[in-house]
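Remember, it's 1-based here, ligands and their atoms both numbered in the order they're listed.
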Amino acid sequence: MTKKLAAGTTIGIIGAGQLGKMLAQSAQKMGYIVSMYDPNPSSCGFNVAHSYTVAEFNDRDALLKFVSSVDVVTYEFENIDGELLKELEQNSYLPQGTKLLLISQNRLEEKKWLNNLGIETADFVEINHFNELVETTKTSSLPAILKTTRFGYDGKGQIRLNSLVDIEENAKNIQKLIDQQTLVLETFCDFDFEVSVIVARDLEGTIKVFPISRNHHAHGVLYSSLVGEYLSSELTEKIHQIAQNIADAGQLVGVCGIEFFVTKDKQLLVNEIAPRPHNSGHYTIEATNVSQFDQHILAITGHSLMNIRLMEPALMINILGQHMPLVEDYKSNYPDAIYHVYDKGKATKQRKMGHFTLTHPNLSELEDILYHSSSLQTWQEMF
Ligand code: AMP
């Protein structure tokens, strides 16, 4: 069903963190009214919403009331209970759907689904008992990463295992995780580099792919995204095909972030999919003619997606809680950068508080800053 929503109608956003906030800002630019839902009363998105509801994500009555008060519903928060989400879909207009979300909520299901589509991932084994882990690691190669199947993000719920000694030393922690949920033991990928891409799909099934970004993580958290022409056309083409495959098979409406490992022999392994705007796509606010947030709003309101053009190469750097006292000083280091501070309140360690983006006509200038600037090195060491 293609339903075109005009300016003046109301978009309900479930989740009012920074992604919800930036979605709201895009929506308001286009003339929509925005209502938001989040359990945290000081959610940064609430500051830009026309109205909001404070209630838990598993509060069925509050969620049903919320979705019935808006013209279209979308979400930026991934961990809403699957059954509840299906109920919301039946009781409201949720063009974004639930298929990709339900798949991505479970790492194990996500990997199986990708493999069935012919998309490669790092090798993995399901782990339900501690003994299973010990037996598996006797025969399969270490190092590996033990991950929770649910509720993991930014490296949370992950334990790197280099040897059997690591398993013994982490036994208590591992047992605690196993008691809560199924785990996935994933072969450690000694990748050459990491990339990600944001794919958008509209209600007509048209797909647009944003420029690919090359990402650096520190302790599992995204540190930088660099965007420009640096990949071979063959690798770019392969990434586009995988993105289109996922968008079509997942019946995506809106945007989805896809993270890849590029191995030393240029093999592509998908690490993770996130059916919503993605941190590595924040550069699109300044560097492309249309942002990931704009495309998402266009898609869920029944409009055609825009063609995407990279205006200039870009470098995005995340700002975590521990960086906040340095932000003002860094403004003078990078006077041409655009700073986004999300206004999330308490700047705790490792909490994503903002990002800044530099654009430049020459990618090499940005590479120079990323790899050789001493002040950025200090920034990275604080991750
Ligand atoms: P994730 O939470 O799965 O997105 O992981 C966060 C980051 O941890 C990734 O972007 C990688 O930098 C690293 N990582 C996760 N899984 C692996 C793996 N199997 N091999 C190597 N690095 C990994």
Contact with ligand 1 for V221, non-hydrogen, under 4.0 angstrom: no
For the aromatic rings, using the six-membered ring if either is Trp, is the centroid distance between F383 and H323 under 6.0 Å? yes
Donor-acceptor pair between H372 and Q377 side chains, under 3.5 angstrom: no
Side chain or backbone of T187 under 4.0 Å from ligand 1, or both, or neither, by non-hydrogen atoms? backbone
Any N or O on C189 sitting closer than 3.5 Å to an N or O of ligand 1? yes
Are the ring centres of W379 and Y334 closer than 6.0 Å? no
Contact atoms of ligand 1, heavy-atom distance to F188 under 4.0 Å: 20 (N), 21 (C), 22 (N)
I want to confirm something. Looking only at heavy atoms, which of E259, K147, E186, R107 is nearest to atom 15 (C) of ligand 1? K147
Close-contact set for ligand 1 against E194 heavy atoms, below 4.0 Å: 9 (C), 10 (O), 11 (C), 12 (O)
Atom indices of ligand 1, in the order listed, that fall short of 4.0 Å to a heavy atom of F191: 21 (C), 22 (N)
Which of the numbered atoms in ligand 1 are below 4.0 angstrom from a heavy atom of H217? 10 (O), 12 (O)
Do S364 and N362 have side-chain N/O donor and acceptor atoms under 3.5 Å apart? no
I'd like to know if E234 and K266 make a salt bridge, using a cut-off of under 4.0 Å between side-chain N and carboxylate O. no
Any side-chain heavy-atom pair from R201 and K208 closer than 4.5 angstrom? no
